[in-house]
Amino acid sequence: MLQPDAIAAAPKTEADRLSLLMAHMDQGVMMVAPDLTIVAINDPVLAMFGLPLGERFRTYADFIRCLCEHGEFGPCNFDAQVEEMVRFAQSSDRVRHEHSRPGGQILEICTRRLPDGGFVRTHIDITDRKRGEAELADKRETLRLILDNIDQGFVLFDRDLVSLAHNKRLWELTGIPQEAAAHFTRMQDSVRYQLKTGMLRVPPDAPDLGDDLEAKVNYIVEHTARPDEECVYTRDQHDGRIMEVRVVPQPDGGQLRTFTDITKWVRAEEEARRSREILTGVIDALPALIDVRDRNGVILYSNRSFRAIHGESPTVPDRGPSSERSENLNRLVIETGQGVPFFEESGRDANGVRCDWLTSKMPLTDRNGEVQHIVTVALDVTARKRAEEELRDAQASLIQAEKMASLAQLVAGVAHEVNTPIGVTLTAISHLDEEVRKIRALFDSNRVKRSDFQVFLDVAWETTRMILSNIERAANLVQSFKQVAVDQASGERRAFDLATYVDEVLLSLRPRLRKTRVTLSIDIPPGLEVDGHPGSFAQVLSNLVINALVHAFDEGQEGEIRLHATEANGWVTMRYRDTGKGIPPELRSRVFDPFFTTKRGAGASGLGLSICANIMTTTMKGSITLESVDGPGTGFVLRFPLRIKPA
């Protein structure tokens, strides 16, 4: 506002206009006379300093003192502060300065000296501008830090290939010293330096430019500096690193170039490629058939073994006999996310030859656990299956041979056992024949006495009884042996009394037992009827006894073989026990293995106990186990059902 004296001195209309103008200015304005009298001051000045509007000040010193009293300059000596501020205002050393108020407000104060020695001061609130500048400076600094610390180097050129901006990472990647780079203003400067120091070479397809450095610079700039569109190329650095350079043309004709050290990526890719080659080689060398399919069953990869069986590079789902099963298993893997353990399957190869495989399927999942591929591994077991079939045939032949050997032994036993009653019968008949001849001679000569005839009758009676007894015994033996032989030869199922049948079986072994000092002890309850395969059981029992006579007892050694049987819950348990030498602990796990024997040189085949195990588990539907016994000897436990269920 204008002071009264100044308004009175000026024309009234001009004073009104001046007062109106100053009142509506955004800037704070103060006019001070040479004697420091305040000629004019408007309300924005007062508002900027937080003073009441309309307050009057006579001199500039009064104004400064009032500000001191309001804490504008903080704790200070008022007189000294007023003196300093007056001297500063009257000085022409600084025309413009910034004043920071206690509340953070920033004022830009501009002082203009007047010809008469006074001055005019304008006050502008630049708080928002300063904050914006500070924020912009912070952002620029942040951007600079980011650009300087990113892994890429960059440089921005204008249309004349003059460098406008770059980061320090650029020089680290290119290997150019920063002191040298400080003198680069154009792209040609950088190219020239790199050519001179050997950091950059002329492309191999360039013409022969000799030692003309500038010609090389111009060639490189001309052929690489101004691409029509974004492009990426790599270049080998002199220190062995590999740099990827991306050139992005700008709308104004300039370009942005980024430099990325891709050495480790290239090396990693090369290492991954080598690893893939090694892995592929290993997978191709495996004898297993391996293929990888997508969710639709399309084969994406297969190894050499797979292609050798199914043909080269199959790319469609299987269409063989097992395709439906394979597709069902693939769906199962996809739906459950679980693999399928090894299972057997058969099919035909590309040539139509039947093959057998042991196959397993495994899922390959993505990061979310969803199955994306199915890996199938199949082991070719055709040869093994053929060998197993041949082995089964051989085992069947051996078992049949063992049966024939048992029958031969049975025949020998029959011959030996029947020989005694037949011999007694023949002796008795011969004696009777002689007595008949005597009585006949007496009768023909009419010399038969009563006493002679009485002697003949006594002899005939006695001889007849002897003949009948021995013939009956022989018939019973033949019938018993016949039943055992039929059972062993036919293998038919029928009901039999266990105790009686065991006696009949062991009867055929008595000739062999008589040559030893081994006795048999049988404890089987009478009336224990078994519905099963007596011939198979007879072979098991015979093998156990013969095995003991061969392995458990030395020649002339005394011993005992005990058989004990019980029945419970529809199962028969028969325990075999001998008092022989026993089986060493290291051999106990192999006693049922085919062809395993410790007396191969003595004629043992190693099939006796193996056949026992096979018969007990298949035909008798039971089991045979080696039992631990106290003291010397060997024990076996045979378990089989009282009634074998029909197959």
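Quantities reported herein were computed from a predicted structural model and do not represent experimental measurements.
Closest approach of D205 to Y219, counting heavy atoms only: O-OH, 4.1 Å. Taking both residues in full, the closest heavy atoms of G254 and D252 are given as N-OD1, 3.0 Å, listed atom of the first, atom of the second, then distance. Between S305 and A288, the closest heavy-atom pair is CB-O, 3.4 Å. When all heavy atoms of P52 and E55 are compared, the pair lying nearest together is CD-OE1, 3.0 Å. Of all the heavy atoms in P363 and G337, the pair that sits closest is CG-O, 3.4 Å. Of all heavy-atom pairs spanning I109 and H99, the tightest one is CD1-CB, 3.9 Å.
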ring-ring contact (aromatic ring centres under 6.0 Å, His included) assessment of F184 paired with Y193: CA-CA 9 Å; F184 298 163; Y193 179 85; 5.7 Å; yes
Candidate pair Y301 and H373, rule ring-ring contact (aromatic ring centres under 6.0 Å, His included), full reasoning: CA-CA 11 Å; Y301 171 80; H373 302 92; over 10 Å; no
Trace of the side-chain contact (heavy atoms from CB on, under 4.5 Å) decision for N167 with L170: CA-CA 6 Å; N167 64 347; L170 173 68; 3.7 Å; yes
D356 vs D380, side-chain contact (heavy atoms from CB on, under 4.5 Å): CA-CA, chis, key distance, verdict: CA-CA 6 Å; D356 297 290; D380 190 342; 5.7 Å; no
Verdict with supporting geometry, D128 and K130, salt bridge (charged side-chain N to carboxylate O under 4.0 Å, His left out): CA-CA 5 Å; D128 293 339; K130 296 297 288 185; over 6 Å; no
Pair R192-D189, salt bridge (charged side-chain N to carboxylate O under 4.0 Å, His left out): steps then yes or no: CA-CA 5 Å; R192 184 179 296 106; D189 300 332; 3.3 Å; yes
Residues T260, F154; criterion side-chain contact (heavy atoms from CB on, under 4.5 Å); working and verdict: CA-CA 9 Å; T260 306; F154 84 92; over 6 Å; no
Full working for salt bridge (charged side-chain N to carboxylate O under 4.0 Å, His left out) between R384 and E344: CA-CA 12 Å; R384 192 198 74 184; E344 290 189 1; 3.3 Å; yes
Stepwise salt bridge (charged side-chain N to carboxylate O under 4.0 Å, His left out) test for R274 and E271: CA-CA 5 Å; R274 285 197 296 266; E271 189 66 28; 2.5 Å; yes
Pair F78-I64, side-chain contact (heavy atoms from CB on, under 4.5 Å): steps then yes or no: CA-CA 9 Å; F78 291 176; I64 297 301; over 6 Å; no
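A donor-acceptor pair under 3.5 Å is absent between the side-chain atoms of T37 and the main chain of A33, judged by distance alone. Counting only distance, with no hydrogens or angles, the side chain of T336 and the backbone of Q338 share a donor-acceptor pair below 3.5 Å. A donor-acceptor pair under 3.5 Å is formed between the side chain of T127 and the backbone N or O of I106. N42 contributes no side-chain N or O that, together with a main-chain N or O of G28, makes up a donor-acceptor pair within less than 3.5 Å. The main-chain N or O of Q178 is never found under 3.5 Å from a side-chain atom of K168 such that the two would form a donor-acceptor pair. Checked by atom type and distance alone, the side chain of D284 pairs as donor or acceptor with a backbone atom of R304 at under 3.5 Å. Listed for the R241 side chain is a donor-acceptor partner under 3.5 Å among the backbone atoms of L173. Between the side chain of N303 and the backbone N or O of I283 there is at least one donor-acceptor pair closer than 3.5 Å. Of the possible polar contacts, none joining the R121 side chain to the M31 backbone as a donor-acceptor pair under 3.5 Å is found. Between the side chain of N368 and the backbone N or O of E370 there is no donor-acceptor pair closer than 3.5 Å.
A donor and an acceptor atom, one from each side chain of Q105 and D125, are located under 3.5 Å apart. Side chains of T234 and E244: no donor on one and acceptor on the other come within 3.5 Å. Counting only N and O atoms by type, the side chains of T122 and Q27 include no donor and acceptor under 3.5 Å apart.
Listed by chain and number, the residues in a salt bridge (Lys or Arg N to Asp or Glu O under 4.0 Å) with R257 amount to none (sequence neighbours excluded). Not counting sequence neighbours, the partners of D79 by the salt bridge (Lys or Arg N to Asp or Glu O under 4.0 Å) test are R65.
When side chains are defined from C-beta on, R354 counts as touching S346, because their heavy atoms get closer than 4.5 Å. Side chains of R101 and L107 form a contact here, defined as non-hydrogen atoms less than 4.5 Å apart. Between S190 and I176, the closest side-chain pair of non-hydrogen atoms falls below 4.5 Å. Side-chain contact between M85 and L67 is absent, with no heavy-atom pair separated by less than 4.5 Å. Within the 4.5 Å cutoff, side-chain heavy atoms of V45 are placed close to those of F63. Residues V333 and N330 form no side-chain contact, since every pair of their non-hydrogen atoms from C-beta on lies 4.5 Å or further apart. Looking only at side-chain heavy atoms (C-beta outward), Y60 and V86 come within less than 4.5 Å of each other. Side-chain contact check for F157 versus V162: every heavy-atom pair is 4.5 Å or farther apart.
Within 6.0 Å of CG on D151 lie no more than 12 heavy atoms contributed by other residues, nucleotides or ligands. Under a cut-off of 6.0 angstrom, the local environment of CD in E69 is crowded, with over 12 non-hydrogen atoms contributed by other residues, nucleotides or ligands. Atom CZ of R159 has 12 or fewer heavy atoms from other residues, nucleotides or ligands within 6.0 Å. Heavy atoms from other residues, nucleotides or ligands lying under 6.0 Å from CZ of R201 number 12 at most.
Using bins of under 30°, 30° to 60° and over 60° for the plane-to-plane angle, the ring pair H123/F49 lands in the perpendicular bin.
Atom CG of L161 and atom OG1 of T185 lie 11.0 Å apart (nearest 0.5 Å). Taken from OG1 in T376 to CZ in R293, the straight-line distance is 5.5 Å, to the nearest 0.5 Å. Taken from CD1 in I374 to CG in L364, the straight-line distance is 8.5 Å, to the nearest 0.5 Å. Distance CD/E98 to OG/S100: 7.0 Å, rounded to 0.5 Å. Going from atom CD of Q188 over to atom CD of E214 covers 9.0 Å, rounded to the nearest 0.5 Å. Between the CG atom of L289 and the OG1 atom of T359 there is a distance of 8.5 Å, given to the nearest 0.5 Å.
E277 has a carboxylate O that lies under 4.0 Å from a charged side-chain N of R273, or vice versa, which qualifies the two as a salt bridge. At a threshold of 4.0 Å, the pair E84-R87 does not count as salt-bridged, since none of the basic side-chain nitrogens sits closer than that to a carboxylate oxygen. In summary, E133 and R129 engage in a salt bridge, as defined by a charged side-chain N under 4.0 Å from a carboxylate O.
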